[in-house]
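Working notes, beginning with the structure itself.
Below, chains carry the letters A, B, ... as their sequence lines are ordered, and counting in each starts from 1.
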Number of protein chains: 2
Amino acid sequence: MRSKTPRRSAEDGLSMEPAAAGAVAKGLPEATLERLTVYLRVLHVAEGEGKDNLASADFARAAGVNSAILRKDLSLLGGTFGRRGVGYDVRGLAEHLATTLGLRQQWRVAIVGTGNLGRALAGYAGLRNHGFQLAALFDSDPHVVGRVVNSLPVRSADTLEEVIGEHGVNMAIMTIPGPDAQVMCDRLVAAGVRNILNFAPVVLQAPEGVNVRKVDMSRELQILAYYAHQGIGYQDAVPAEDADA
Amino acid sequence: MRSKTPRRSAEDGLSMEPAAAGAVAKGLPEATLERLTVYLRVLHVAEGEGKDNLASADFARAAGVNSAILRKDLSLLGGTFGRRGVGYDVRGLAEHLATTLGLRQQWRVAIVGTGNLGRALAGYAGLRNHGFQLAALFDSDPHVVGRVVNSLPVRSADTLEEVIGEHGVNMAIMTIPGPDAQVMCDRLVAAGVRNILNFAPVVLQAPEGVNVRKVDMSRELQILAYYAHQGIGYQDAVPAEDADA
DNA sequence: CATTGTGAATTGGTTCACAGCT
DNA sequence: AGCTGTGAACCAATTCACAATG
């Protein structure tokens, strides 16, 4: 079904480059997905403020996008949470969105590497608020193993496989140094984990069928440096005021 | 020159949505920039391995992209570091890339918020390896102010403005809770900081001309959940082996 | 009648395929 | 002979603009 569209040009049968890393077989476009997470946050805020209806103009402004794409994104979702002449049903849409994103299912998450970053994530409220249940913490430093972080004991990386099995871990966050990342990734995959969020600054190799995403902090810093350097007015935030017609 | 292409449809003059958040006036495409940071990393590794030449096929494989786009990206850079029949000059290209990204200029970075995440970043070697100099740390918790992190004292957030001036801070990383982020952002901007990397889970409002980027860890987790949930074989990593023709 | 939902138009990014160098 | 550089073709994402509708 999705094994590499054989669009190669005839010869060169052994080239084996990733044809489209970051691509997806079907489903919502990646760009839409990234925005959906923002919409969900905006909806939660609106819900907290007691609003039960949001028109696309306001909604879009709060999310930092324009309203056309917001409407298009939401239309891709299916479901019927917008009412013409009125706006979107906050509660219903939030629920629908969360379900679509897979946040209504329990994810049992292991954090591999309990340095500052790993501990930061372990304590991150956003985790458990969205159906991510912290199931295990690992570290390879014997000085750290056994400590309790966020009411979970840090387990030895040596016991990775068995602990993963014990706790039914189905998602892993890797917050370990770059050089260790590939080995750990291999072990996670061998242990049956098919969803990995990687904070290590390396391009991981993983077999087809394993979902790997990467958060790269120095990438963001470098791109920021580029814009700063160029003196280009990049904006990821919403311009605060725009005094034009 | 770049104040909002007046492409509105005539009426609705006061709508004031962000026309294209994340857009840029000119310069390299965003997608290319993201890859450039990966290329740079690959080049550094190659350099460390003593290679002084890389053909696009190998280069692309290591970076997890296909070779056509790698060549296209590098061609956008200008400069003449590829030699036909041979490959790319590792040293020269790395240098050129770093310069293009603005990494040859000194960035004096303040980290605002010294929780686990802030401390993780403060200790992150990737920072100083790329021209990012840690200039100041801030926190608003009196218990934390005065402590030394990474041989820098944590300063009170009350003194933000003066310390920024003192140290010529020109880039800030915000690792503070969501609710505090907008206020802090405003103060940073008022103090003259025009480049901000935001880790708080909020959409910041900032005036035009201020570069804001966001790293959103729960976004990544949610997108991962989506793919996991859908059972779609998303791949951000390089498929390890591809046994097809 | 304000606001959604969506085809059509546009813009942007990726891949193909090969000419051009070395 | 081998590999880069790039126009052309293709595909994806965004924006426009307006018909549909509660």
Going by the rule side-chain contact (heavy atoms from CB on, under 4.5 Å), which residues pair with Asp216(B) if we only count those two or more places apart in sequence or in a different chain? Arg41(A), Lys214(B), Ser218(B), Arg219(B)
According to ring pair (Phe, Tyr, Trp, His ring centres under 6.0 Å), who are the partners of Phe199(A), at least two apart in sequence or on a separate chain? none
Those residues of residues 31-44 of chain A lying under 4.0 Å from DNA chain D by at least one heavy atom: Ala31(A), Arg35(A)
For Arg35(B), does the CZ atom sit with more than 12 other heavy atoms under 6.0 Å from it, leaving out its own atoms? yes
Tyr88(A) side chain near dG5(C) phosphate (N/O to OP1/OP2, under 4.0 Å): yes
State which of dT4(D), dT15(C), dG22(D) makes the closest approach to the side chain of Arg83(A). dG22(D)
Please output the side-chain donor-acceptor pairs of residues 74-93 of chain B that fall under 3.5 Å, not counting sequence neighbours, one pair per line with the distance.
unit_1: Ser75(B); atom_1: OG; unit_2: Lys72(B); atom_2: O; d: 2.8
unit_1: Asp89(B); atom_1: OD2; unit_2: Gly92(B); atom_2: N; d: 2.9
unit_1: Arg91(B); atom_1: NE; unit_2: Glu47(B); atom_2: OE2; d: 3.0

Looking at Gln205(A), is its backbone amide N or carbonyl O close enough to the side chain of Gln182(A) to form a donor-acceptor pair, meaning the two atoms are under 3.5 Å apart? yes
Quick check: are there more than 12 heavy atoms from other residues, nucleotides or ligands sitting under 6.0 Å from CZ of Arg104(B)? yes
Side-chain N or O of Asn66(B) less than 4.0 angstrom from OP1 or OP2 on dT14(C)? no
Rounded to whole Å, how long is the line connecting atom CZ of Arg84(B) with atom C1' of dT22(C)? 9 Å
Does the side-chain contact (heavy atoms from CB on, under 4.5 Å) test come out yes or no for Cys185(A) and Ile196(A), once each step is laid out? CA-CA 8 Å; Cys185(A) 173; Ile196(A) 298 175; 4.1 Å; yes
Side chain of Ala55(A): nearest nucleotide among dT14(C), dT22(C), dT3(C)? dT3(C)
Find out whether Val189(A) and Val193(A) are in side-chain contact, i.e. whether some heavy atom of one side chain is under 4.5 Å from a heavy atom of the other. no
Just so I know, are the side chains of Thr37(B) and Leu33(B) near enough to count as touching, which here means a heavy-atom distance under 4.5 Å? no
Residues from residues 70-79 of chain B sitting under 4.0 Å of DNA chain D, heavy atoms only? Arg71(B), Lys72(B), Ser75(B)
Below 4.0 angstrom from OP1 or OP2 of dC3(D), is there any side-chain N or O of Ser56(B)? no
Expected output is a numbered-order residue list: members of residues 89-100 of chain B with a heavy atom under 4.0 Å from any atom of DNA chain D. What is it? none
Of the candidates dT4(C), dT15(C), dT15(D), the side chain of Ile69(B) sits closest to dT15(C)
Testing Val38(B), Leu70(B), Asp73(B) for side-chain contact (heavy atoms from CB on, under 4.5 Å) with Val65(B), which one passes? Leu70(B)
Spacing of Phe81(A) atom CZ relative to dG22(D) atom P, expressed in whole Å: 16 Å
When you check the side-chain N and O atoms of Tyr227(B) and Glu30(A), is any donor under 3.5 Å from an acceptor? yes
